Amino acid sequence: MIDVKLLQKNFDETASALMRKKVSADIITELKTANENLKTAKLAYETMQAKQNELSKLFGQYKKEGKNTDELKIEVDNNKATLNDLLETQRAAEETLDAIIMRVPNIPDADVPDGADEEDNIEIKKVLTPPAFAFTPREHWELAEANGWIDFERGVKLAKSRFSVVLGMGARLERALINFMLDFNRERGFMEVSVPMLVNRRALEGTGQLPKFEDDLFKIEDEELYLIPTAEVPITNLYQDEILNAAELPIKMCGYTSCFRKEAGSGGRDVRGMIRQHQFHKVELVAITRADQSDAVFEEMVACASDLLSALGLPHRLVTLCTGDLGFGAAKTVDLEVWLPGQNTYREISSVSNTRDFQARRAKIRYKEEGKNLLAHTLNGSSLAVGRTMVAIMENFQQEDGSIIIPTVLQKYL
RNA sequence: GGGUCACUGGCAGAGUGGUCGAAUGCACCGGUCUUGAAAACCGGCGAGGGUUAAACCUCCCAAGGUUCAAAUCCUUGGUGGCCCGCCA
């Protein structure tokens, strides 16, 4: 969540930054009022509590000295009643503030371009040239079925639409990709972790998926557990409620998990093929850093994803997301879009974000430096989405006869 | 899933209704001593909120409750150990 103190102290500046991310002026004002109300309520409650504590001590003294406590008891009882009222007021104020602030997105970095949607994202650079074909390149679902790599119908039979089954060489390629990605990232200093794919509410609040995006999550019936939409959730929350030593930062991790998304609101987009599935595999990078390290680690993570694509021989481009396309928790995001000849366009395959202290404040991830506790910065990025990488391999390396050449870096994993 | 015992500061570990945010030891930080280090000695040393700074408030797994007063008593939940059951 955002720093309310900052809003309080620096109202105009913070408000206009939030408005770049389409937060209404009303909500910002509400937030400010709610915070002021809470402060007042707290002060009143604590003052009364101080009095009560004092009276209690006095009571103990009276008892010890054998003095009469009747009168004191009345005073203490009265006090208690007001104390309870004040506590109620304080709790209500807390709830009000919480309800608002948990739904307010992060403040975008100053250098994030203004814009309405993905049309306004800014291309940073292109890497590798899209291949030229002597024939009309086909889309991945045709290739996948022709090669017997993916069975879309049977996936639907087992679960529902947007589920598929990968088989034969397709399944082996998937496994090879995962191993290749994990090794690649580990060599760049990202420690491999294997984490739960079901998490509780607290974890999802920590990284910002809840309370606002409940509709996109699969929830386990009768349990406070959800299927993770990304490994960012369990990996980042590994350090929830912890105070780390400044010297042990940055902590850089990578993990492979399945991810589950309801894709509510994605309408009829990408219904065909495996671009947008309810369940997909992803290797994720997560970093916990000191405040002064996050920019450098961010670049490292972008390079990691880009170099991985290059190693696979996949043409791609890097774009900086504009304010309108920026995710809820991100202060800054660079997307990597891979070239898909079948669709004749670049499609997102990785997204690297710096959330600065937004998640850390929610999840209470801090570090101690020179005796002070400071909020950490958290970053996450895909490296890469496995299904989409398979799509890219199929489309970029397809031959006229429909066969697919597998990148040489993957040979040893097959 | 059932039973049972436990959960206190970085760690170990006292504290079982009142001045306890919490003894003591270890670790850690600063100082004295020393050519330097070790040892010894002296001092400091949990977290969050709040304040210019203080005062003050909260936190002894969590949430409730009893009480004028809870680390201490009660209830529920969580986690861990052991026993039983079940299982990949």
Side-chain angles (χ1 to χ4, degrees), chain A residues 1-10 31-32 34-98 100-102 194-206 210 220-226 234 237-249 251 258 288 290-291 357-376:
Chain A
M1 60 189 135
I2 64 155
D3 186 357
V4 209
K5 269 193 216 160
L6 192 70
L7 180 74
Q8 208 67 255
K9 219 185 271 179
N10 236 333
L31 194 60
K32 190 176 186 234
N35 187 236
E36 280 162 1
N37 287 345
L38 177 61
K39 270 183 121 170
T40 314
K42 248 188 170 164
L43 188 68
Y45 175 65
E46 285 180 5
T47 309
M48 191 52 73
Q49 214 159 20
K51 193 174 171 192
Q52 187 75 340
N53 286 343
E54 213 164 302
L55 289 177
S56 267
K57 268 189 192 173
L58 202 61
F59 197 101
Q61 249 179 48
Y62 276 30
K63 280 271 182 199
K64 213 181 209 171
E65 294 164 10
K67 285 194 197 166
N68 183 292
T69 52
D70 292 354
E71 216 171 294
L72 193 56
K73 173 101 164 75
I74 294 167
E75 196 181 348
V76 137
D77 284 346
N78 285 341
N79 235 343
K80 203 178 178 183
T82 23
L83 200 56
N84 282 336
D85 290 347
L86 288 171
L87 180 62
E88 272 318 302
T89 313
Q90 199 212 99
R91 280 195 179 157
E94 239 160 29
E95 260 170 52
T96 309
L97 177 65
D98 233 46
I100 304 169
I101 199 168
M102 287 298 272
S194 178
V195 290
M197 296 188 213
L198 269 70
V199 295
N200 56 32
R201 234 193 128 75
R202 173 78 216 280
L204 287 154
E205 283 169 352
L210 286 179
I220 306 293
E221 215 179 344
D222 301 327
E223 297 261 5
E224 268 299 286
L225 288 173
Y226 298 79
N237 278 289
L238 239 29
Y239 295 98
Q240 167 199 105
D241 275 326
E242 292 192 29
I243 297 169
L244 301 156
N245 201 319
E248 56 187 312
L249 299 178
I251 296 173
S258 295
I288 317 276
R290 284 192 268 125
D357 61 13
F358 185 83
Q359 293 179 327
R361 186 172 290 107
R362 291 173 159 241
K364 292 207 175 77
I365 304 171
R366 292 163 293 178
Y367 63 98
K368 195 181 269 293
E369 192 169 49
E370 286 165 10
K372 277 191 177 169
N373 294 325
L374 304 165
L375 287 168

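None of the values given here were measured: they were computed from a predicted structure. Residue numbers begin at 1 in each chain, while the letters A, B, ... track the order of the sequences.
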Distance, P atom - from G46(B) to C83(B), rounded to whole angstrom: 40 Å
Separation between the P atoms of C11(B) and U16(B), rounded to whole Å: 23 Å
Inter-nucleotide P distance (A69(B), A14(B)), Å rounded: 30 Å
Verdict with reasoning, Glu46(A) to Lys42(A), per salt bridge (Lys or Arg N to Asp or Glu O under 4.0 Å): CA-CA 6 Å; Glu46(A) 285 180 5; Lys42(A) 248 188 170 164; 5.4 Å; no
P spacing across the pair G64(B) / U72(B), given as an integer number of angstrom: 14 Å
Neighbour count >12 (heavy atoms, 6.0 Å) for atom CD, Gln8(A): yes
Asp98(A) CG - G49(B) P separation (whole Å): 15 Å
Nearest-Å distance once atom C1' is located in both C56(B) and U51(B): 9 Å
Opposite nucleotide pairing with U79(B), Watson-Crick or G-U, both atom distances under 3.5 Å: A6(B)
Sugar-phosphate only, base, or nothing, as touched by Arg91(A) at under 4.0 Å among non-hydrogen atoms: sugar-phosphate
Side chain of Lys63(A) (C-beta onward), nearest among C56(B), U51(B), C68(B): C68(B)
Residue Lys368(A), side-chain heavy atoms: nucleotide from A69(B), A47(B), U19(B) that is nearest: A47(B)
C1' spacing across the pair A71(B) / G15(B), given as an integer number of angstrom: 8 Å
Ile243(A), nearest nucleotide to its side chain (from G49(B), U19(B), A47(B)): A47(B)
Euclidean distance for C1', G17(B) against U52(B) (whole angstrom): 40 Å
N or O in side chain of Lys73(A) less than 4.0 angstrom from C68(B) OP1/OP2: yes
5' priority, RNA chain B, between Lys80(A) and Lys5(A) [closest heavy atom]: Lys5(A)
Assigned partner base of A40(B), Watson-Crick or wobble definition, under 3.5 Å: U32(B)
Candidates U51(B), C56(B), U19(B) - which lies nearest the side chain of Ala50(A): C56(B)
Sugar-phosphate only, base, or nothing, as touched by Asn53(A) at under 4.0 Å among non-hydrogen atoms: sugar-phosphate
Candidate pair Lys32(A) and Glu36(A), rule salt bridge (Lys or Arg N to Asp or Glu O under 4.0 Å), full reasoning: CA-CA 6 Å; Lys32(A) 190 176 186 234; Glu36(A) 280 162 1; 3.8 Å; yes
Proximal nucleotide (of C57(B), A47(B), G18(B)) relative to the Phe59(A) side chain: G18(B)
Span that lies between the P atom of C86(B) and that of G18(B), in whole angstrom: 48 Å
Phosphate-side-chain proximity, Arg366(A) and G48(B), N/O vs OP1/OP2 below 4.0 Å: yes
Closest to side chain of Gln49(A), choosing from C57(B), C68(B), U51(B): C57(B)
